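Since we're looking at a predicted model, the values are computed, not measured. Numbers restart at 1 for each chain; the letters A, B, ... are given by sequence-line order, proteins then strands.
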There are 2 protein chains.
Amino acid sequence: MTRNPIPEIVIGRLPVYLRALTRLLEQGRQVTSSQELGERLGISAAQIRKDLSQFGEFGKQGTGYDIEFLVAKIQEILKVDRVWEVAVVGAGDVGHALVNYGGFHDRGFKIAQIFDNDPDKVGTSYKDIVVMDIAQMQEKIRKAGIKIAMLAVPASVAQEVVDQLVEAGVEAILNYAPVNLVVPPGVRVQYIDPSVHLQTMTYFLD
Amino acid sequence: MTRNPIPEIVIGRLPVYLRALTRLLEQGRQVTSSQELGERLGISAAQIRKDLSQFGEFGKQGTGYDIEFLVAKIQEILKVDRVWEVAVVGAGDVGHALVNYGGFHDRGFKIAQIFDNDPDKVGTSYKDIVVMDIAQMQEKIRKAGIKIAMLAVPASVAQEVVDQLVEAGVEAILNYAPVNLVVPPGVRVQYIDPSVHLQTMTYFLD
DNA sequence: CCTGATTTGTGCAACAAAACACAATCGTGG
DNA sequence: CCACGATTGTGTTTTGTTGCACAAATCAGG
Ligand SMILES: NC(=O)c1ccc[n+]([C@@H]2O[C@H](COP(=O)([O-])OP(=O)(O)OC[C@H]3O[C@@H](n4cnc5c(N)ncnc54)[C@H](O)[C@@H]3O)[C@@H](O)[C@H]2O)c1
Ligand SMILES: NC(=O)c1ccc[n+]([C@@H]2O[C@H](COP(=O)([O-])OP(=O)(O)OC[C@H]3O[C@@H](n4cnc5c(N)ncnc54)[C@H](O)[C@@H]3O)[C@@H](O)[C@H]2O)c1
């Protein structure tokens, strides 16, 4: 069975499954079913089964899924069965919160570098990582072979920083700045903008 | 033409259109077309037109859309033609970044209250907002009639805090904790989890 | 006032995703 | 070792979303 092009919407649900499964593991559970998982996530059991079946047969009829095994499989599919080094650009409030955040380690990521253009910030340490000058960014990222960046600079400079990141070989960008970015094909961008999320919900309020 | 149930996926794109249009306005532009907007956002022009047509006729054939007018219309549709008071729970790194963030004001939101359970934090000021004790949360939220909350507490206590928020009348929650929340019908939750976003992208890396 | 270049709004066709429903399989307990 | 309840994986149906293509409208220039 060769890998068909899997719909991106399916890929997007896998990390959510993974997060829920990890939580079940923490609660000491060993086995779960598509039904139980679906109830917790507000997703139909059939959908979960179909999503997983795109990648193989991971369950046992009559029993369900061995959680530890399924976690390992999804990690493998998502390529987070390794640790990716990540660069953070912008050592402001958001950059600080990200570097300080302990939740990346067991989910496949390690913040390896952080950059800023403010001379007052360059050289200071955030956790155990020293803030480096943006002028060195391309060289450092290229040298370390970093493919993933989180962008936490003001919106006004986001596009220019992105252009540099792409040139340095970055292929995945998580953008906190409230602007749409233009990137060449082959580079992926995801957006985190709390205002966008909130505005999606206000529509449904009275 | 009475309001039909508009697909949620359409609602979710409106804030993105709004953000791009606002940016065009800042750049001094007065008029745009579905084609231009689509190119900037990586969305087909037809889709943008169809999305907007769900709510009325906002454009002029041969000309395009008056940006200021369209912005006002979308703000109205999303109900962000007013300012919503928002409560933040958890005065840690994320809570701090949110309170400090200047980007909510012109997008329909104002952080009005912040709560924590750490006695060292209660009473201190973040920007011009005093951190209040979680014990007072329900009363304060109810009294202010707040309907929207941002949740920035550890995952382990997120569900219990959410239960309290819901009981206090909150109907929209933006959750930063990496857990799926269970809420009664009528309450909306959106999730921000950088690991989930990153894991969606690693699938496509080599 | 006519012509041509644009661009909207939308009916319809094509495509995609989700739900349904059930045979196949598994484990358990008698 | 058989029968039953549980649960998967999947072919089929249903539902939802996107793209296409064009009439209708608008504007500018001659
Ligand atoms: N704070 C939040 O909760 C929040 C929420 C949503 C979005 N955002 C967005 O995230 C981004 C960062 O927000 P923040 O609150 O951390 O802002 P901040 O001002 O605290 O930090 C921005 C940092 O970027 C640095 N910087 C500026 N120009 C740079 C450049 N050219 N190269 C490298 N570094 C540069 C600044 O020196 C500063 O340290 C902004 O785009 C903001 O709109 C923030
Ligand atoms: N920092 C990040 O970049 C980041 C990224 C993604 C997700 N998160 C998540 O966001 C949440 C907050 O992260 P953080 O970095 O700000 O953590 P943090 O530890 O800095 O802050 C958490 C705050 O919540 C408070 N708190 C704990 N229990 C509480 C309770 N029962 N009621 C009220 N307040 C309580 C703590 O006193 C603390 O001030 C966590 O769930 C974290 O996993 C953080």
Side-chain angles (χ1 to χ4, degrees), chain A residues 1-17 20-21 24 29-74 77 200 203-204, chain B residues 1-17 20-21 24 29-74 77 200 203-204:
Chain A
M1 218 44 55
T2 44
R3 285 283 170 80
N4 289 321
I6 311 274
E8 188 154 351
I9 194 160
V10 173
I11 304 299
R13 280 191 293 262
L14 294 184
V16 177
Y17 299 163
L21 290 166
L24 282 170
R29 301 286 310 282
Q30 296 199 311
V31 172
T32 188
S33 66
S34 58
Q35 187 168 30
E36 181 184 43
L37 202 54
E39 275 162 19
R40 299 214 173 197
L41 299 177
I43 290 177
S44 84
Q47 173 141 88
I48 292 173
R49 292 201 301 276
K50 195 145 266 156
D51 284 352
L52 295 176
S53 75
Q54 304 259 7
F55 302 96
E57 309 196 352
F58 305 132
K60 268 212 184 92
Q61 283 149 328
T63 309
Y65 299 90
D66 180 280
I67 300 177
E68 204 164 353
F69 176 76
L70 186 54
V71 163
K73 279 299 176 187
I74 296 179
I77 293 164
T200 303
Y203 174 81
F204 299 97
Chain B
M1 220 39 59
T2 45
R3 285 282 171 78
N4 289 321
I6 311 275
E8 187 154 351
I9 195 161
V10 173
I11 303 300
R13 281 190 293 263
L14 295 185
V16 178
Y17 299 163
L21 290 166
L24 282 170
R29 302 285 309 284
Q30 296 199 310
V31 172
T32 188
S33 66
S34 59
Q35 186 167 29
E36 181 185 43
L37 201 53
E39 274 162 19
R40 299 216 173 195
L41 299 177
I43 291 177
S44 83
Q47 173 141 89
I48 293 173
R49 291 202 300 277
K50 195 152 262 165
D51 284 352
L52 295 176
S53 75
Q54 303 260 7
F55 303 96
E57 309 197 353
F58 305 133
K60 267 213 186 91
Q61 282 152 331
T63 310
Y65 298 89
D66 179 279
I67 300 177
E68 204 165 352
F69 175 76
L70 185 54
V71 163
K73 279 299 177 188
I74 297 179
I77 293 164
T200 303
Y203 174 81
F204 300 96

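With values rounded to the nearest 0.5 angstrom, B:D66 atom CG is found 7.5 Å from B:K60 atom NZ. Distance check, rounded to the nearest 0.5 Å: CG of A:L70 to CD1 of A:I77 gives 8.0 Å. Here A:R49 contributes atom CZ and A:Q35 contributes atom CD; the two are 8.5 Å apart, rounded to the nearest 0.5 Å. The CZ atom of A:R29 sits 10.5 Å away from atom CG of A:L21, with the distance rounded to the nearest 0.5 Å.
Between the P atom of D:dT18 and the CD1 atom of B:I6 lies a distance of 14 Å, rounded to the nearest Å. Distance A:E36 CD to D:dA6 P: 15 Å, rounded to the nearest Å. In this structure, CG of B:D66 is placed 12 Å from P of D:dC27, rounded to the nearest angstrom. Straight-line distance from the CD atom of B:E8 to the P atom of D:dT18: 13 Å, rounded to whole Å. Taking atom CD of B:Q54 as the reference point, atom C1' of D:dT18 lies 12 Å away to the nearest angstrom.
The shortest distance between side-chain heavy atoms of A:I74 and A:L52 falls below 4.5 Å. For the pair A:T32/A:R40, no side-chain contact is recorded, criterion being any heavy-atom separation below 4.5 Å from C-beta on. Between A:Y65 and A:L37 there is no side-chain heavy-atom pair separated by less than 4.5 Å. Two residues are said to be in side-chain contact when any heavy atoms from C-beta on lie closer than 4.5 Å; B:Y203 and A:L14 fail this criterion.
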Output one line per pair: protein atom, nucleotide atom from nucleotides 7-9 of chain D, and distance, for all N/O pairs under 3.5 Å.
unit_1, atom_1, unit_2, atom_2, d
D:dT7, O4', A:G62, N, 3.1
D:dT7, O2, A:G62, N, 3.1
D:dT8, OP1, A:S34, N, 2.7
D:dT8, OP2, A:S34, OG, 2.7
D:dT8, O2, A:Q61, NE2, 2.8
D:dG9, OP1, A:F58, N, 3.1
D:dG9, OP1, A:G59, N, 2.9
D:dG9, OP2, A:Y65, OH, 2.7
D:dG9, O3', A:E57, OE2, 3.4
D:dG9, N7, A:R49, NE, 2.7
D:dG9, O6, A:R49, NH2, 3.0

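Running 5' to 3' along DNA chain C, contacts with non-hydrogen atoms of chain A at under 4.0 Å begin and end at C:dA17 to C:dG27.
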